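Here is the naming used below: chain letters follow the sequence lines, and residue numbers restart at 1 for every chain. From a predicted model like this one, the values you see are computed outputs, not experimental measurements.
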Amino acid sequence: MIDYAIYFAFTCFGAAILMCLWRIITADGVGTRVLALDTMVINTIALMILYGLDQGTEIFFEAAMIIAMLGFVSTVAYARFMLRGNIIE
Amino acid sequence: MTFFFELLITVFLIVSGIFGFVGSFGMIKLKDPMSRLHAPTKATTLGVGGVLLASICHSVLLEGKLSLHELLITLFLFLTAPITALFIAKWHVHRHEKPSDLPDAGEDELWATHAVEQVEDVPDHSTN
Amino acid sequence: MNHWIVAPIVLPAILAPFIIMVLRYHLDLQRIFSVAGVVALLGIALTITAQASGGDIQVYELGDWPAPFGIVMVLDRLSAMMVLLTALLALPIVLYAIASGWDDRGKHFHALFHFQLMGVCGAFLTGDAFNLFVFFEVLLIASYGLMTHGGGSVRLKAGVQYVAYNLLGSTLFLFALGTLYGVTGTLNMADIALRVAEIQAEDTALLRVGAVLLLLVFCIKAAVLPLHFWLPASYANAPLPVAALFAIMTKVGAYSIIRMYTLAFGPEVEATQGLAGDWLQPAALVTLAVGAIGILGSQHIARMVAFCAIASMGTLLIAISLFTPEASAAALYYVFHSTLATALMFLVADLVMERRGGAITPMTPMAQTGLISGLFFVGAIAMAGMPPLSGFIGKLLVLDAARDAPGSSSVWAVVLIGSFVTIVGLARAGSLIFWKSHDAEHIGSEDTADEEATPLPAPEPQTGLAFTSVFGLVAGLILLTIFAGPALNYTSQTAEQLFTPEHYISAVLGGEE
Amino acid sequence: MEALVASAVGILTAAGIFLILRRRTFPVILGLSLITYAVNVFLFATGRLALNAPAVLNKYEEVPYTDPLPQALVLTAIVISFGMTAVIVMIALSAYLSSKDDHIDMSPQDSVDAPGEDA
Amino acid sequence: MIKLLRRVFPHPHLTFLLTVVWVLLANNGSLNSLVFGLILGIIIPFITQPYWPDQPKLRNWPMIVEYLLIVLWDIVMANITVARIILFKRDAERQPNWVCIPLELRTPEAITVLAGTITMTPGTVSCDLSAQGHNLLVHCLDAPDPEAVRDQIKQRYERRLKEIFE
Amino acid sequence: MSLFLIAALPFLGAVFPALLIRAGRNAAASAAGLTTFLALMGLLIHIPAVMRGEIVTARFDWIPGLGLNANFMLDGLGFLFALLILGIGLLIILYARFYLSREDPMGQFYTYLLLFQGAMVGIVLSDNILLLLIFWELTSLSSFLLIGYWKHLPEGRQGARMALAVTGGGGLAMIAGMLILGNIVGSYDLSVILQNKELIQASPYYLPALILILLGCFTKSAQFPFHFWLPHAMAAPTPVSAYLHSATMVKAGLFLMARMWPVLSGTDAWFYIVATTGLVTMLLGAVIAAFKDDLKALLAFSTVSHLGLITMLLGFGTKFAAVAAVFHIINHATFKAALFMTAGIVDHETGTRDIKRLGGLRHLMPVTFTIGTIAALSMAGLPPLNGFLSKEMMLEETVHTTWLHLHYLVPGLALVAALFSAAYSFRFVGHVFLGPERNDYPAHPHDPPVGLWIAPAFLVVLVILIGLNSAAIVGPLVAVVSSAVIGGEKLPYYSLKLWHGFTPALFMSVVATLGGLFLLGLHKHCERFWNTLPRPEAKVIFEALINHFTQLSRWITDELHNGVLSRYAIIFVAFTVGLGYYAYTTGTIGVETRIPLPAQFIPIIGWICLVGATLGIMWFHRNRLLSLVLIGVVGLIVSVAFNYLSAPDLALTQISVEVVTMILLLLSLNFLPTETPWDSSAARRWRDAAISVVAGIGSGALIYAIMLRDFAFPTISDFHLANSYKGGGGTNVVNVILVDFRGFDTFGEIIVLGIAALIIFALTEAVLGTNVRGYLLNRKPHWPQSGDSHPLMMVVATRVMMPIALMVGAYIFFRGHNQPGGGFIAGLIVAIAFLMQYMASGYTWAIERQRFYYHGTIGWGVLIAAATGLGAWFNERPFLTSDFGYINWPPLEEFEWATAMLFDTGVFLAVLGAVMLALDSLSRFAWRPGMAQEFPMDINPLRDDPPEQDEEKEQA
Ligand code: NA
Ligand code: NA
C-alpha cells in the first residue's frame, strides 16, 4: 500500500518538477523563473525524502537538509540582484 | 495496528503528492505573476510537510526507531520560504506596481520598496 | 625514510603561507625570506641530486601508505635534475624581480612565486598520475596570479585567454585520467605501466584514447603546435621576470611526456604503439618553424622572446619525439640550456622595456645600452644555437641523435633553417634596438616597415643586483658549455635509467613483478 | 541508467564547448562551468554506477560499496575548479573594468608596450 | 549572578534551540550528542552575538503553543481552499487583491513571525513593509473582501504575537 | 708552447682591452699586441717540427658523448694560416692603433679583433670538425661585430647583417655537411677523416656532404654567387677590411677546401663545382673591380677575384694546382694586405677613397706611392714580384685543363681575368698616384707617420724578396704546406723560378699585361659602356629579400596568432577529437561485460531537467541572468544525481559550491553587461555547434564504453575499502581517502583554493588602485534600484539561520570522518552562513563585527594541515601519516580522535578563509562612500518609535 502511495507521490512531484522546468524556460520574467527554480528545489527535496523512504536509506537526508538550508540563499541573491544590482552592500 | 499506521502514512503521502502537484500546477495555470507566488507555499507546507511526516511516522511507527531529524528540514523551509516569497514579491512590486496601484500605506505614505529617490538616466530594466 | 624527497614541496608550502600571514605588510622581510627560501630550495635540490646521481631510485610513501594505494614521491635522476634546474632558475629570477621592483607592483608576488615553485617541484617528483594533475593545477593557478601580477588592461585580457585555454587543458587532463583509471583501475604511474604492459591485445582502444588524451594535455603545457596558442600573448604580456620563470613551466609538459612515454607508454609497449611517434615529431618540427618565423615576424621584443621559447620547445620536442636513449639524453641537456636561455632573454627584454619600451623600432639611446646590448647578444647567441654557448652543443646533440632516425633529413633541414631564420631575426631586432638607436634622428633607407616610435622616459638606472642576476644566468650557460661533458654524461645516464623502466617500477611497487 | 549519464555528459560537454566558442568573457565562463560539470560526472562515472551503495562502511552487515576513489578525485576536482572559476571570473571582471570591453579576443598588436602601462 | 548567566548564555533561547538542533542532527538522544550540542550551543552564540544586537524577551509560553497549533490548523485549511481555487476556479472569477495591514507590533522579530505566518498560510503572501514599518502589504490569491482578511489576520495572529513578544 | 695556449691566448687577450681601455689607448693596443705576439712566438717555436713534416697535436676530451673534443693539430697548412693570421694580425693591431680616431671605442675594437683572431686560429688548428664548426661560426659572429663596429653608419649595420646572414647561413649548411661526413667515417676527428678517402667518396652521402660543406666554404670565401656580401663588409674600418676581408676570414673557406682536399677532391663533382665556381668568380671579380671607383671596393672585388683564382686551382684537383694555390695564398696575403693599408692611408690623408677625386699623389706621398705601386704591380702579376710567380703557375695549369672536352675555355677565360686584373692594378697606380697633381683634395695629403706605413712597407719588402728568390724564402714553406694539402703524398715537380723559358703561360702573361695597359687607356670608353650594362645590385636584392621575408613572417605570425580565442579553442577541440578518434580506431575494443542499470522514473525526470536546462542555456545564453538561473538547475540536478548514485559527499559538496559560485557570478555580473550581444554570424554558430556536438558525442561515447566494461585489473580502491577503518579509523571511505590515503592531493587542493583567493585579493588591489575606482564610484546601476536594501524579515531570519547554519557546519565537519561530510563542505557551509549575514545586513555592517581575518585563516589552514603532516616526522613516519584512537570519559560513551580530523581542520579553515576572502574582495568593488550604515536593517519600527519599556534596550 505504502509503495503505491510512494509511486503516486513520485509521479506527482515528478510532474511538478517538470512543470517548474517548463515555467523556468517559458516564463516572461526572471522573477517568475526564480520562483519556479525555488519551487523546483522544494519539490526536489520532497522527492529525495520520498526516495529515501522508498529505499529505506538515510543517505539523502543531509543533502536534502543542506538544500533546504542553502537553497534560499541563491534565490535571495537573484532577487537582490534584480532589486539592487549589488547583492552584498 | 500496523495497517492503520500504514494507512496513516499512505494518507500523508497522497496528500503531499496532491499538494506538491497543485503547487507547481498553480504556477502553470495562474496568469498574473503575483498569484503564481502563492503556488510554492503549498509545495513547501503540505507538500514537503506531508512527506516528512510520512517519513517520521514510518521510522517511528514501523521501524520503531526515534528519528525526528526530518523536522529540521521543516524548520529550515518554514524559516526560509517566507524570505524567498518576500523578495520575489518585492521584485514584482518594484518592477510592475506603481505606488498608485497599491493600497495606501497609511502614515508612512510609501511602501518600502518604492521608498527610494530615483537615480536619473538609469536605463530601464533592459533584460527580461 | 628520506624526508629530503618531499622537502622541495613542503618548504615552499610552509614558507608561502608564512609570508602571507606574518610578513604581509613588510616587503623587505618578504624579500629576505623569499630569497632565503629559494637558496634553501637550491640546497635541497643539490642534496637530492647528489643522492639520485648514484642511480638508485628512492620512493617516499606519503601517509605511510604503500604504492599504488597511497601517493608516492619518486626520486630518480630525472626528477632530481629537474628540481635542481627549477631551483637554479628561481634564484636569479627572484633576485631580478626584487632588484627591478617588479615584486612591488602588486600584492603577494613572493607567496605566489613560492607556490609556483611548489607546484613545479611537485610535478617533477610525484609518482602518481592524479597527484600530477593536482600539482599541475597548483603551478597553473599560481601562474595565473603571477601572469596578471600588477594588472593593466591588456595584460588582464591576455590573462583571461591564458586562464580559459588552460582550464580547457585541465578539463582534458581529467578526461584522460578518468579514462586511464576506468580502464586500468589505478593511478600510480608505475602501476599503470605494469598494467598497460599486461593489458590484453583485444581491448586496447579505451586505453589508447586515455593515453593520447594525456599526451595532448602535456603537449599543451609544452606548447606543441597546434596547442601552443596560449603562449605568445600570455608570455609577451606577463611581467617579464614572471615569463622568465615560466620558462620552466613548458618544461613541465616536456618532462611529463618523457616520463609517461618512457615509463608507461614506452616505445616497446604494444598497447600504445604509435600514439606519440606518429605525429609528435612533425608537430615538433612545425612548432620550431612557427617559432622561428615568429621571431622574425615580431614587432615587439617580449613577443619575439615568447616565440624564442616556442622555437626552443620545438627543438626540444624533436629530440624527445625520437624516443631513443641518446635522443633523450640530448633532450635533457637541451632542457637545461633552453630554460636558462629563455629566462635570460626575458630578463634582457625586461631591461630593454623598462628603458625604452618593447617596440622593435629605432629610438634614441637608452641608459646602459652597451651592457644590455652585450647581454642581448649573448642571449641571442644562446637562443639561436650559435657557438660557443650551450645552444650550439645542444643543437649538435639533437642533430647527431636524429641521424639514423626516420625523417632525419627533415629534422636536420628544419633545425638548421630554423636557426638561420632565428639568427636573421635576432640580428635584425638587435641592430634595430641597439645600433639603429645611434642615428634614430636620421633613419636609414633600410627596414622601411619600421616606423619611428617615441622613446620612453629613461627610468632610474638599474641596481647592480638586476644585472648580477642576469649575469648569473649567463654564467649558468657558460658553465653548461664548459662542463658539457659531465652534463651530457649525467643526462645519458638519466636517459638510460628512463629506458629501463623496470627499476622504477620495482622501486615503487617493491619489486612485485 | 548508463545511457542517461553518458548522454548527459555528452550534452554538457557540447553545450560547454559551444559557449566557450563565444566571443565574450561571460559566456565563456558559463561554458567552462558547464564543461566542468561534464568532466566531474565523467570522472565520477569511471567508478561505474551503483545505487544505494555509498562507500560508508557498515559495521553490522555485508553490503555492496560503490568505488570510493573516483568520488574522492571528483571532490578534489570540484574544489579546484571552483577556485579556477573564481579566478577567471575575477580576471575577466578586472579586464572588463580596465578596458570597458568584455570581448575575449585580443589583436596581436595589443601586446605592443602594453606591459609598460601599469608600472 | 544574572549577569554571569547572561555572560554564559548570551542567548538562552538560542542555546536551547541549537542544542535541540544538534540532537536532531545527531538523530539520537545519546548523552554524547546532548553534551556536545550543549557545548556548541554555548559557543556558537558567542560568535553570532554581535549580529543579533537586541533580542526580544519571550513571554507567555502557553500562548506560543496555542499560536503554533492555530497556525498549523490554518495551514491545512488554507491549503485545501487554495487547492480548490487553483484546480477548479477559472481565473476570471478569481479576485486577487492587495491588503494593507496596519501593524501594532513593533518588534522586528514579532513582525517577521507575523509576516512569515501570513506567507506560509496559502492564499496570502506578505509582500512588503511600509516605509517606516507601520503597515504590512499582503497579497491575497482570492479575496472578495479585503477587510475580512485584514481583521482575521489581526485577530488570529497579531493579537497573540503581541502578547508573546511585547 | 701548447696548441691549447696558442688557441686560447687571443681569447684571453680579448679580455684585456675591454678592461684596460680606462688605462688609455696605448695600454689597450699593447695588451692586444702583446698577446698576439706571444701566440705568434708560441707558433714559431714549432717551426722545426713542422718543417720536418711532423704533426704537432694537443688533445682534450671535452664532450666524448658527442665526439666533440678539443683536439688541435698543427701541420704545414695550419702553420701557414696561423702564421698569416697572427702575423698580419700583429701588423693590423699596430696599424689600427694609429688609424682609429679618438671617438672610436678602441677597447671594444681590440676585443672584437682578438675574438676574431682566436676564432681563426681555432679553425686552422682544429683536429675535430665539430670544434672547427664552433670556431667557424665564431668568426661569423665576431666579424658581425667588427663590420658593425661603426654603429652610426647604416651601411655598417646592413653590411654586418648581410655578412652574418650569408656566412652564418653557410656555416649552418656546413654543420650538416660535417655531421654527414663524421657519420660516414664514424669519427669527427680530422686526422681520422683524412685517412678515409675511399670510404667517403664511395658513400652515397658524399655528394650531399660535399655540396653542404662547399656552401660553407663558398659563402665564407665570397665565391660566386655569394660574392655580394664582401664589398659591403668594406663599410668596416679599413684595418678590419684588410684583416678579415683580404688576409684571413675570407681565406677560411680556402683553408677548409685545402684541408679537405685529400678526401673530397679528385672527383668530377669536385672539379665541376669548385673549379667552375672559382673560374667564374675570378673573372667576375676582376671585371667588376676594374670599374669600381671606391678604392676599397676595387680592392674588395679584386680580392674576390683572387679568391676565385685560388678556389679554381684547388678545384682542378691536381697536385701541381694545389701547390700553385698554396703559393698564391701566400703571395696574395702579402700584396693585398699591403694594398689595403695603402688605401687606408690614402683615405686617411686625403679624406676620400674615390679614385675620381684622386690622382697625382706621387709627389705628395712618395712613400705611400712606392709601397702602393709595388704591391699593385705584384697584384697585376708583373715580374719580378711574387704575384707574377703564382699567376704563371696558375696560367700554366689552366692550359692543361679541359672543361667538358673544351680545351680553350678555361685558359681563355683565365687570360681574360688576368687581363682585367692587370687593368685594375694599373688603374690603382695610375689614377691615384700618377697623373697631374690636383688642388681639390678634401684634405692636404702628405705621407703619414711611420707607424702607419711601416706595416705595409714590411709586407712590400716580402713581396719583392719572395719574387726575387722565392725558392729560398718560401720554398720550404710551400713544400711542407703543399704536402699537407695533398695529404702527405709525394710532391709533384714544380719550380718557383722567375724564368721558365717561353712557356704558353709567359705569352699569356704578356698578353694580359699589355691588354691591361690597353684597357686602362680606353678606360673612359669602357666605363661608359660598362655603365650602360644592367648590373643587379646584390645588396638591394638581398635587403629586399630579407624585408619581404620579414613582412611575410610578420603576416604569417599575426594571422596565425590573431588573438581570437574561439579559433584557438576550435583548433584545440578538433585536434583532440581527431587524435582521440585515431587512437580509438587504431586499437581494438573489447566486449561489454556489465549489464546496464535500469533507468527508473526519477532519473529520467532528472535527465529531462538537465537536458532542458542545458539546451536552455545554449539558447538563452545572451540573457546572462537567465543562463545563471539555468546553471542553477543543472547544478541542482547534478548534485542530486551524485546523491542518487551513492555519492553523498559529492552531492553535499556540489550543492554548497553551487551556491557560492552563483553568488560569485552575480557579484561580478553586477559590473558586467547583463546582455551578450550577437557578434558571430549564423554560419559561425553552426560551425561551432557542429564541432561541439562532435566533441559531446566523443565524450559521451567514451564514458559509455567505459561504464559498460569492467576494470581490466582489480581496482586499487578495494584496498581503500578494506583499510579505511582498520588503517584510517574512519568509515566514510571517501573522506578517509581525502584526508589520509590521498591526503597529499587534498593538501594541494586547499593550496589551490588559497592561491585563488590571494589572486583575487591581489587583483582587487591592483584594479582599485587605478582609475577604475573612479569609474566604479560614478557608474550607474543596470536598472533603477528598489528601496529597503536590508529588509527587516531577512535580517531577523538570518539572526536565527546563521547560528543554525554554523551548527550544521560543525555537525557536517565532525561526522565527516565516518559519515558524509568533512572539512571542505563544513567550510563552505560556514562561509555561506556568514554570507547570509552579509546579504542581510550589508557588507560594512557585518564586516565591522567580523572577528577573524581571512588571510590569517587561509594561512592557518594550510599551516595546520602541513603541521599535521610534519607531525608524523617526529615519530619516524612519512609526511601526512595519520593516527587515531578512542577516548573514554564516563559517563560519556567513548568517542574517536584522529589526526586526520586536525588535517581536516586545516582544510576547513583554508576553505572558509578562501571563500570569504574571494567574496570579500569582490564586494569591495561595489563599495561607495556613505554605504556604511549603523543599523542592521533599514526599517525598524522599534527604533523609530520605541514602546516605553524598550527604551533602555535601544540605548544598549
Ligand atoms: Na501563503
Ligand atoms: Na568527506
Side-chain angles (χ1 to χ4, degrees), chain C residues 101-102 105-106 130 133-134 137-138 140-141 144-145 147-148 150-164 166-168 170-175 177-183 185 187 232-233 236-240 298-300 302-303 306 350 353-354 357-359 453 456 459, chain D residues 9 13 16-17 20 25 28-29 31-33 35-36 38-48 67 69-70 72-74 76-77 79-81 83-85 87-88 90-119:
Chain C
W102 261 110
R105 298 187 192 176
F130 192 82
F133 165 78
V134 172
E137 296 307 298
V138 172
L140 273 174
I141 196 161
Y144 301 157
M147 194 249 147
T148 54
S153 61
V154 180
R155 179 176 300 150
L156 288 167
K157 221 161 195 258
V160 179
Q161 289 200 344
Y162 174 56
V163 179
N166 277 292
L167 286 187
L168 261 181
S170 308
T171 315
L172 185 60
F173 204 155
L174 287 175
F175 275 115
L177 288 175
T179 312
L180 283 178
Y181 176 78
V183 174
L187 292 169
N237 290 292
L240 293 185
S298 299
Q299 291 154 285
H300 188 272
R303 192 170 160 87
D350 188 58
M353 282 183 59
E354 290 296 305
L456 296 178
Chain D
V9 169
T13 315
I17 290 177
I20 289 171
T25 51
V28 170
I29 291 171
L32 285 169
S33 39
I35 203 166
T36 306
V39 76
N40 288 343
V41 177
F42 182 99
L43 193 52
F44 168 76
T46 55
R48 315 302 194 264
D67 185 343
L69 190 52
L73 303 187
V74 173
T76 310
V79 181
I80 288 177
S81 56
M84 295 292 173
T85 314
V87 166
I88 193 174
M90 186 60 194
I91 298 180
L93 177 58
S94 312
Y96 173 74
L97 290 177
S98 311
S99 62
K100 311 291 176 299
D101 163 30
D102 69 341
H103 276 93
I104 199 163
D105 301 340
M106 56 193 303
S107 81
Q109 296 319 317
D110 271 352
S111 71
V112 170
D113 274 341
E117 81 186 22
D118 48 294

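- To the nearest 0.5 angstrom, Ser153(C) atom OG is 11.5 Å from Leu97(D) atom CG.
- Contact of Thr171(C) with chain D is made through backbone and side chain together, with heavy-atom distances under 4.5 Å.
- Contacts of Val87(D) with chain C are made by side-chain atoms alone, with heavy-atom separations under 4.5 Å and no backbone atom involved.
- Electrostatic pairing of Lys157(C) and Asp105(D) does not count as a salt bridge here, judged by no charged N lying under 4.0 Å from a carboxylate O.
- Neither the backbone nor the side chain of Leu240(C) has a heavy atom closer than 4.5 Å to any heavy atom of chain D.
- Leu32(D) and Leu168(C) get closest at one heavy-atom pair: CD2-N, 4.4 Å.
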**Asked** Given Leu73(D) and Leu187(C), is the side chain to side chain contact (heavy atoms under 4.5 Å, CB included) satisfied, shown in steps?
**Response** CA-CA 11 Å; Leu73(D) 303 187; Leu187(C) 292 169; 3.7 Å; yes
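- Both the backbone and the side chain of Phe175(C) have a heavy atom closer than 4.5 Å to some heavy atom of chain D.
- With a 4.5 angstrom heavy-atom cutoff, Tyr162(C) does not touch chain D via any of its atoms.
- Not a single donor-acceptor pair under 3.5 Å links the side chain of Glu137(C) to the backbone N or O of Ile80(D).
- Of the atoms belonging to Ile20(D), it is side-chain heavy atoms, and not backbone ones, that fall under 4.5 Å from chain C.
- Between Met106(D) and Asn237(C), the shortest heavy-atom contact is CE-ND2, 4.0 Å.
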**Asked** So Met84(D) and Val163(C), side chain to side chain contact (heavy atoms under 4.5 Å, CB included) or not? Walk me through it.
**Response** CA-CA 8 Å; Met84(D) 295 292 173; Val163(C) 179; 5.7 Å; no
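- Looking at Asp67(D), only its side chain comes within 4.5 Å of chain C, counting heavy atoms on both sides.
- Ranked by heavy-atom pairs under 4.5 Å with chain C, the list Thr76(D), Val74(D), Thr25(D) is led by Thr76(D).
- A donor-acceptor contact shorter than 3.5 Å is absent between the side chain of Arg155(C) and the backbone of Ala95(D).
- Using a 4.5 Å heavy-atom threshold, the side chains of Leu167(C) and Ile88(D) count as touching.
- Across every non-hydrogen atom of Tyr181(C) and Pro70(D), the tightest pair is CE2-CG, 3.6 Å.
- For the pair Ala164(C) and Val28(D), the tightest heavy-atom approach, listed with the atom from each and the gap, is CB-CG1, 4.4 Å.
- The line from OG1 of Thr148(C) to CD1 of Ile91(D) is 4.5 Å long, rounded to the nearest 0.5 Å.
- To the nearest 0.5 Å, atoms OG1 (Thr46(D)) and CG (Leu177(C)) are separated by 9.5 Å.
- Between Leu156(C) and Ser98(D), the shortest heavy-atom contact is CD1-OG, 3.5 Å.
- With a 4.5 angstrom heavy-atom cutoff, Ser170(C) does not touch chain D via any of its atoms.
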